[in-house]
Amino acid sequence: MNDERVTTDDARPAGDTSRQPKDFLRAMVERDLASGKYGGRVATRFPPEPNGYLHIGHAKAICVDFGIAEEYGGSCNLRFDDTNPTTEDPEFVDAIKGDIRWLGFDWAAERYASDYFPQLYDFAVELIERGLAYVDDLSESEIREYRGTVREPGRDSPYRERSVAENLDLFARMRAGEFEEGAKVLRGKIDMAHPNMKMRDPVLYRILKRSHYRSGDAWCVYPMYDHAHCLSDAIEDITHSMCTLEFENNRAIYDWILENTTVAEPRPEQTEFARLNLSYTVVSKRKLLELVEGGHVEGWDDPRMPTLAGMRRRGVTPSSIRRFCDDIGVAKANSVVDVAMLEHAIRDELNYNAPRVLAVLRPLKVVITNYPAGEVDWLDADYWPRDIEREGSRKIPFSRELWIEKTDFMEQPPKKFYRLGPGREVRLRYGYFIRCEEVIKNDGGEVVELRCTYDPETRGGQAPDGRKVRGTIHWVSAAHAIETEVRLYDRLFADPEPLAHDRDFKEFLNPDSLEVFAAKVEPSLAGAEPGSHFQFERHGYFFLDPVGSREGAQVWNRVVALRDSWARRS
RNA sequence: UGGGGCGUCGCCAAGUGGUAAGGCACCGGCCUUUGGAGCCGGCAUUCGUAGGUUCGAAUCCUACCGCCCCAGCCA
């Protein structure tokens, strides 16, 4: 529907964005549309609990819930599933809303399960009146015992056969605050021997004498997920209620409650899909919390975190996240997506959107011995390589003293090393050919300076005599360079599946996930806008960190490195 | 050894009885003032396994194997 949901700076030629083969969810929606099951309506919802930050796994769910509604002319509500006052906090609702908007989605309505507490309570009363729910006095541990195990049936609670009148009275008194927390719960009266554990008289309401961030002290009984979710869907006239695989067993309760309460038909239906797992990362609120609390990262928005806040801070674009979600598809098989897919989506976008500039991370001084001191030559440098049809260029200064990358020089270059070495010639990008004439070392034998000559005939990078050089390296004029901080971020974990071992996942943290450099960047970057993207040629895509940067003290985050076939083969 | 799901290339993932899409990754080659990008080519005689039905199966049947979820008054 809303094909115009624009991604501000995406200049890629409009390609075919439609997944050719439909995933099973879209196929289902199309079937329902064709059969007229919901009168042509598609209504979904994204139901986060405001107890933590959204991460890349949620992004997939958001793309499913909002994306499907959008594609089929439907609507998607944002519903905070806030039925547990002990864990929820309004701080998270704002963060969640911001993250969803950042991703480029908007909701038809903003709802809160807590706003439905009165209706939800009435539905519970209805179940009691129908003899389908009862107040149970068993303790928490007794309930567990009575539930049986996956192999053995449970036993009925001694309170299971209370009369409707007694249940009504007791439930009203629970609500009135007459009983202590844990003293009583309301349970669905289904079947204590049901093979599906979830159907063994699920708890519907518990007493929690806690004030809720929205409803305050209006309630001391709070509905459980199984009671609240399906009925909230029904209240909002949701048609397709999509959730992740771990709720498959809960679908039986979902249907049972809706079938046994007076909700409008056609009723919403739940369908499950596999949640996202990403290699080299963990996608679990609890695990991420552990990293934050253990000080392994600097916070929820640490650029190494797979949270949307972290990715935004790192410089990942929302459109590349959406593109990634499109690429991975939706299915029911548990899977671990290769993080290389995400990296590819990011590069693919930034390749078209990030102007190229020069930056030296590990500076090695080069003196051009045949270039006069004090002289400056301002060279033309295109912002875009020839294969990208965008206009724009800037001037970069060339002078006698330059910085080049330490790794672009080797005293004893191996076979296919195209860069600088004693006596070798390379091209300085947008500049001249230079030849290394002398290597200067300090007392420790470390190369600290190169003395080179340049060929004035090669200005711009071409030799009139047709001479070719294999290597082109980046550089920056020492007198003009800006000092900045460059943060190289890498995968947070060194193992593709940190959770797949018998050890603590934190043991697999990548010790090199962050490397900080005092880098020299070309002077044109002086006025760069915080939040803008550039490609530092031969390094990767960088983002001027709007949080970490200060006036005159830029902090550049590497979003993702360039593919590097040299590094791969060595 | 209960129930619910899932198993198609290293990783995702189409395919729903007519003879294995696509993407990522990888490997060649071309091109190249980013060892980037781009272009060309390669990459599952086989669909967890074993039987069976059929002219014909990844798709149907049977059995088996493997993995995930469920015993919170979390969601």
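Everything numeric in this text was worked out from a predicted model, so none of it was measured. Each chain gets a letter, A, B and so on, in the order its sequence line appears, and its residues count up from 1.
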- Is any side-chain N or O of A:R470 under 3.5 Å from a base N or O of B:G35, one able to act as donor and the other as acceptor? no
- Query: Between atom OH in A:Y254 and atom P in B:C69, what is the gap in whole Å?
  - Reply: 24 Å
- Message: Ignoring hydrogens and geometry beyond distance, is a side-chain donor-acceptor pair present between A:S241 and A:R45 at under 3.5 Å?
- Response: yes
- A:E181 atom CD is separated from B:G72 atom P, nearest whole Å, by 19 Å
- Item | Under 4.0 Å protein heavy-atom contact, by nucleotide of nucleotides 5-15 of chain B - B base, S sugar-phosphate only | SS----BSSS-
- Task: Quick one: list whatever passes salt bridge (Lys or Arg N to Asp or Glu O under 4.0 Å) with A:R151, sequence neighbours left out.
- Result: none
- Query: Tell me: NZ of A:K468 to P of B:U32, nearest whole Å?
  - Reply: 7 Å
- Item | Touch class at under 4.0 angstrom, heavy-atom based, for A:R538 against every strand present | base
- Message: Quick check on the 6.0 Å ring-centre criterion: do A:F398 and A:Y432 meet it?
- Response: yes
- Item | Donor-acceptor pair between A:E272 and A:T244 side chains, under 3.5 angstrom | no
- For B:A58 versus B:A20, give the span between their P atoms, rounded off to a whole number of Å. 9 Å
- Message: Distance check, P atoms only: B:A57 and B:U16, in whole angstrom units.
- Response: 15 Å
- Mind calculating the distance between CG (A:D348) and C1' (B:G22) to the nearest angstrom? 15 Å
- Query: Rounded to whole angstroms, how far apart are CG on A:D326 and P on B:G22?
  - Reply: 18 Å
- Checking all strands, does A:R563 fall into the base, sugar-phosphate, or nothing category for heavy-atom contacts under 4.0 angstrom? sugar-phosphate
- Task: Could you check whether A:E272 gets within reach of a base, just the sugar-phosphate, or nothing at all, counting any heavy atom under 4.0 Å?
- Result: nothing
- Task: Mind telling me whether A:F543 and A:H533 have parallel, tilted or perpendicular rings, with 30° and 60° as the class edges?
- Result: tilted
- Expressed as a whole number of Å, how far does the P atom of B:U45 sit from that of B:A21? 12 Å
- Between B:C9 and B:A13, how far is it from one P atom to the other, in whole Å? 11 Å
- Got a salt bridge between A:E425 and A:R470, using NZ or NE/NH1/NH2 to carboxylate O under 4.0 Å? no
Can you pull every protein N or O that's under 3.5 Å from an N or O on nucleotides 46-48 of chain B?
none

- Message: Does the plane of the ring in A:H539 sit parallel, tilted or perpendicular to the ring in A:F542? Use 30° and 60° as the thresholds.
- Response: perpendicular
- Which is true for A:Y205 with a 4.0 Å heavy-atom rule: it touches a base, it touches only sugar-phosphate, or it touches nothing? nothing
- Could you tell me whether A:E290 and A:R286 have a side-chain N and a carboxylate O separated by less than 4.0 Å? yes
- With heavy atoms under 4.0 Å as the rule, sort A:R147 into base, sugar-phosphate or nothing. sugar-phosphate
- Under 3.5 Å, side chain of A:Q535 to main-chain N/O of A:W384, donor-acceptor pair present? no
- Check: A:Y541 ring centre within less than 6.0 Å of A:F536 ring centre: no
- Roughly how far apart, to the nearest Å, are B:A63 and B:U53 at atom C1'? 15 Å
- Message: What's A:N249 touching, base or sugar-phosphate or nothing? Going by heavy atoms closer than 4.0 Å.
- Response: base
- Task: Look at all strands and tell whether A:Y430 reaches a base, only sugar-phosphate, or nothing, counting heavy atoms closer than 4.0 Å.
- Result: base
- Check each residue of residues 44-54 of chain A for a non-hydrogen atom within less than 4.0 Å of any atom in RNA chain B, then write out the ones that pass by number, or none. A:E49
- Task: Round to the nearest Å and state the distance from A:I207 atom CD1 to B:C74 atom P.
- Result: 12 Å
- Message: Between B:C30 and B:G66, how many Å separate the two C1' atoms, rounded to a whole number?
- Response: 45 Å
- Message: Under 4.0 Å, heavy atom to any atom of RNA chain B: which of residues 183-202 of chain A qualify?
- Response: A:V185, A:P195, A:M197, A:K198
- Hey, which of these two, A:H344 or A:I143, hits RNA chain B nearer its 5' end, going by closest nucleotide? A:H344
- Message: Would you call the rings of A:F505 and A:F493 parallel, tilted or perpendicular, taking 30° and 60° as the class edges?
- Response: tilted
- Can you say whether the rings of A:Y121 and A:F171 are parallel (under 30°), tilted (30 to 60°) or perpendicular (over 60°)? parallel
- Message: Say we look at B:C43 and B:G28: how far apart would their C1' atoms be, to the nearest angstrom?
- Response: 11 Å
- Note on the structure: Sorted by position of nearest nucleotide on RNA chain B, 5' first, the leading residue of A:T83 and A:W384 is A:W384
- Hey, does A:L204 reach any base, or is it just sugar-phosphate, or nothing, if we go heavy atoms under 4.0 Å? nothing
- Item | Contacts of A:R386 that satisfy side chain to side chain contact (heavy atoms under 4.5 Å, CB included) - sequence neighbours left out | none
- Rounded off to whole Å, could you give me the CG-to-C1' distance for the A:D226 and B:C69 pair? 14 Å
- In whole angstrom, give the distance that lies between atom CD1 of A:I253 and atom P of B:C74. 14 Å
- Task: Using the C1' atoms only, state how far B:U8 lies from B:G15, rounded to an integer number of Å.
- Result: 9 Å
- Task: Assign A:N84 to base, sugar-phosphate, or nothing according to its heavy-atom contacts below 4.0 angstrom with the strands shown.
- Result: sugar-phosphate
- Message: What's A:V203 touching, base or sugar-phosphate or nothing? Going by heavy atoms closer than 4.0 Å.
- Response: sugar-phosphate
- Query: For the residue pair A:P363 and A:W403, what are the closest heavy atoms and their distance?
  - Reply: CB-CE3, 3.4 Å
